[in-house]
Amino acid sequence: MAWIERIFEPDYILVRLAILLAALVGDLLWIVPGVGARDWVLALVALVLSAVCRWSQLWALLIQSGLLLLADGYGFAAAPVLKVLACVLLFELAVRGRGRQVAAGAVVLGVVVCFNLLDKLPATIGAAGFRMVIVVGVPLLLGGYVRLARDAARRERDSAAERIAAARAAERTAIARELHDLVAHHVSSMVLRVGVARHVLSAGTDPRITEVLDDLHTSSTAALADLRKLIGVLRDPAPFPTTAFVDPGGLPDALAVVIDRARATGLHVKATIDPSATHLDPLRGITVLRLTQEALANTIRHAGPSAQVALNLTLDADNSVHIRIEDEGRPSQENPEPPTARGAGSHEGHGLIGMRERVDLLGGALSVGPVGKGWRLSAVLPAEQKNSRERREARV
């Protein structure tokens with residue numbers, strides 16, 4: 001029944017006009033006798049004027065009623081066709097118009113169809129009543145029924161949307177609770193134990209161990225902070241939570257932290273970041289940050305901590321984001337790994353899958369694969385106004 005419901009929408013006025021045109025031509029050609037050129041002109045003008053209901057159903061009905069009065073007064077053969085068009089417009093008004101507008105349109109049309117009977121009252125009261133029932137009552141009844149059915153369907157859709165939103169909120173709350181009780185608890189415990197280890201080590205301890213513990217403490221503290229932000233996002237009942245992992249204007253600083261951590265492992269990173277990246281919206285900002293984290297982590301894992309990496313982040317004139325992260329593979333003195341091995345097998349985890357999902361959520365494009373002896377990640381994120389909000393809402 002969806003197509004029947006849609007055909008009554010204002011945007012489908014051309015479909016309804018095409019159906020009326022076919023009925024009008026058939027009526028004038030084979031049913032109405034004595035049709036002349038003036039009847040064709042008046043009928044087509046009336047049909048064209050019916051398109052006014054796309055903006056104002058009441059004015060369209062008033063104009064149509066005036067044409068009907070003209071046709072009856074001057075004996076046009078197309079008068080029955082104009083009555084049908086007027087009935088259709090009254091139906092349109094009953095479906096979408098307000099109470100007073102519907103009443104005014106019905107009264108005007110009723111007076112017009114009974115105008116040539118008014119001087120013969122009360123003898124013609126039966127005929128006038130019959131015309132009122134057929135020309136005015138039936139369109140009002142059908143229009144009221146369609147309107148009630150559409151309102152009921154709309155309320156049901158809204159109710160279903162509210163139930164779905166409530167179920168999603170409950171699910172997100174449950175996930176947030178499990179993250180806090182399980183993951184966050186264990187991470188905070190690790191942070192505490194690493195902190196204790198840093199303090200109990202003697203002064204003569206190998207400085208490399210102290211350096212590793214310091215880096216581990218910093219990374220685990222940052223992970224705990226991100227977990228708390230994630231829990232806040234999950235507990236936010238809004239469809240698009242206001243809590244953001246990347247503060248407005250803070251993307252370059254966040255990227256600098258990620259790059260510094262990668263360099264601390266021995267990775268040689270040459271980064272070129274467009275200064276206008278500070279104006280990115282939070283959704284694209286977090287996507288850029290996560291792509292960078294995943295790409296650098298994969299480089300350390302597969303190309304080794306001493307690999308050479310080039311990171312480029314630029315914005316187009318239309319505010320589209322282009323990010324490219326490319327490494328040269330393992331240095332020649334280290335054991336080489338085929339570049340194609342990075343994306344092979346399910347044991348590689350969900351990193352590439354997650355990156356593709358993030359980019360797809362924004363309507364962008366992601367290209368990941370070997371280049372030379374190394375690996376390249378290239379992504380394009382379209383401007384915010386080009387993103388499809390409906391697609392994001394469907395995945396929240």
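Nothing fancy with the numbering, it's 1 onward along the sequence.
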- Heavy-atom side-chain proximity of Asp316 to His322 below 4.5 angstrom: yes

- Any side-chain heavy atom of Ile286 sitting closer than 4.5 Å to one from Pro282? no

- Item | Minimal non-hydrogen separation, Val95 against Arg150, with atom names | CG1-NH1, 3.1 Å

- Looking only at heavy atoms, which two atoms of Val187 and Ser220 are closest? And how far apart? CG1-O, 3.8 Å

- Item | Expected output: side-chain Gln64 to main-chain Ala46 donor-acceptor under 3.5 Å | yes

- Query: Shortest non-hydrogen contact from Ala262 to Leu296?
  - Reply: CB-CD1, 4.0 Å

- Item | Distance (rounded to the nearest 0.5 Å) between Leu377 CG and Ser367 OG | 8.0 Å

- Message: Would the distance check show the side chain of Asp327 and the main-chain N or O of Thr299 forming a donor-acceptor pair, the cut-off being under 3.5 Å?
- Response: no

- Euclidean distance, Leu311 CG relative to Thr272 OG1, rounded to 0.5 Å: 8.0 Å

- Task: Using distance alone, with no hydrogens and no angle criterion, decide if Arg290 and Gln293 have a side-chain donor and acceptor under 3.5 Å apart.
- Result: yes

- Task: Output the distance between atom CZ (Arg358) and atom CD1 (Ile353), rounded to the nearest 0.5 Å.
- Result: 13.5 Å

- Task: Could you please spell out the steps behind the salt bridge (charged side-chain N to carboxylate O under 4.0 Å, His left out) verdict for Asp158 and Arg155?
- Result: CA-CA 5 Å; Asp158 293 342; Arg155 287 194 298 269; over 6 Å; no

- Query: Does the Asp39 side chain pair with the main chain of Gly36, one donor and one acceptor, at a distance under 3.5 Å?
  - Reply: yes

- Message: Under 4.0 Å between a side-chain nitrogen and a carboxylate oxygen: does that hold for Glu156 and Arg163?
- Response: yes

- Query: After noting the C-alpha distance and the side-chain angles of Leu280 and Leu315, does the key distance pass the side chain to side chain contact (heavy atoms under 4.5 Å, CB included) rule?
  - Reply: CA-CA 9 Å; Leu280 281 182; Leu315 274 74; 4.0 Å; yes

- Task: State whether the number of non-hydrogen atoms from other residues, nucleotides or ligands found under 6.0 Å of His180 atom NE2 is greater than 12.
- Result: no

- Message: Tell me whether Arg376 contacts the main-chain N or O of Gly369 through its side chain, where contact means a donor paired with an acceptor under 3.5 Å.
- Response: no

- Query: Going hydrophobic residue to hydrophobic residue with side-chain gaps under 4.5 angstrom, can you get from Val48 over to Ile63?
  - Reply: no

- Note on the structure: In short, salt bridge (Lys or Arg N to Asp or Glu O under 4.0 Å) pairs touching residues 258-272 with sequence neighbours left out are Asp260-Arg263

- Query: Between Thr173 and Arg177, is a side-chain hydrogen bond (donor to acceptor under 3.5 Å, both in side chains) present by the stated rule, with each step listed?
  - Reply: CA-CA 6 Å; Thr173 301; Arg177 185 168 55 250; over 6 Å; no

- Can you tell me if CH2 on Trp40 sees more than 12 non-hydrogen neighbours from other groups inside 6.0 Å? yes

- Item | Connected via hydrophobic side-chain network under 4.5 Å: Leu289 and Val257 | no

- Task: Locate the shortest heavy-atom distance separating Ala94 from Pro139; write the atom from each residue and the value.
- Result: CB-O, 4.3 Å

- Query: Should Leu85 and Val45 be regarded as members of a common hydrophobic cluster, given that ILVMFWY residues are connected when their side-chain heavy atoms come within less than 4.5 Å of each other, either directly or indirectly?
  - Reply: yes

- Message: Using the side chain to side chain contact (heavy atoms under 4.5 Å, CB included) definition, which of the options Thr314, Leu313, Val288 pairs with Ile273?
- Response: Leu313

- Distance from Leu381 atom CG to Leu291 atom CG, nearest 0.5 Å? 6.5 Å

- Check step by step if side chain to side chain contact (heavy atoms under 4.5 Å, CB included) holds for Val191 and His217. CA-CA 6 Å; Val191 172; His217 186 270; 3.9 Å; yes

- Message: Please evaluate residues Leu90 and Gln57 with respect to the criterion side chain to side chain contact (heavy atoms under 4.5 Å, CB included), reporting the C-alpha separation (whole Å), side-chain torsions for both, the decisive distance (0.1 Å), and the verdict.
- Response: CA-CA 8 Å; Leu90 180 59; Gln57 295 86 18; over 6 Å; no

- Query: Near Ile125 CD1, under 6.0 Å, is it more than 12 heavy atoms from other residues, nucleotides or ligands?
  - Reply: no

- Message: Between Leu141 and Tyr145, is there a side-chain heavy-atom distance shorter than 4.5 Å?
- Response: no

- Is the CZ atom of Arg38 crowded by more than 12 outside heavy atoms at less than 6.0 Å? yes

- What are the two closest non-hydrogen atoms of Leu24 and Ala43, and how far apart are they? CD1-O, 3.7 Å

- Query: Are any side-chain N or O atoms of Arg284 and backbone N or O atoms of Pro382, one a donor and one an acceptor, separated by less than 3.5 Å?
  - Reply: yes

- Starting from the C-alpha separation in whole Å, work towards a yes-or-no answer on side chain to side chain contact (heavy atoms under 4.5 Å, CB included) for Leu68 and Leu109. CA-CA 9 Å; Leu68 177 58; Leu109 182 58; 4.2 Å; yes

- Note on the structure: In this structure, CG of Leu251 is separated from CG of Asp274 (nearest 0.5 Å) by 10.5 Å

- Query: What pair of heavy atoms forms the shortest contact from Ala379 to Leu366, and how long is it?
  - Reply: CB-CD1, 3.8 Å

- Message: Any side-chain to backbone donor/acceptor pair from Asp318 onto Ser320? Under 3.5 Å, distance only.
- Response: yes

- Inter-residue atom distance Met355.CE - Glu294.CD, 0.5 Å rounding: 5.0 Å

- Query: If we only count heavy atoms from C-beta on, is the Ser378 to Ile323 side-chain gap below 4.5 Å?
  - Reply: no

- Query: Can you find a pair of side-chain heavy atoms, one from Phe76 and one from Leu82, that are under 4.5 Å apart?
  - Reply: no

- With the 4.5 Å side-chain cut-off for hydrophobic clustering, are Val133 and Phe91 part of the same group? no

- Indicate yes or no: at least one non-hydrogen side-chain atom of Val321 is less than 4.5 angstrom from one of Thr287. no

- So if you build clusters from Ile, Leu, Val, Met, Phe, Trp, Tyr with side-chain heavy-atom gaps below 4.5 Å, do Val25 and Leu49 land together? yes

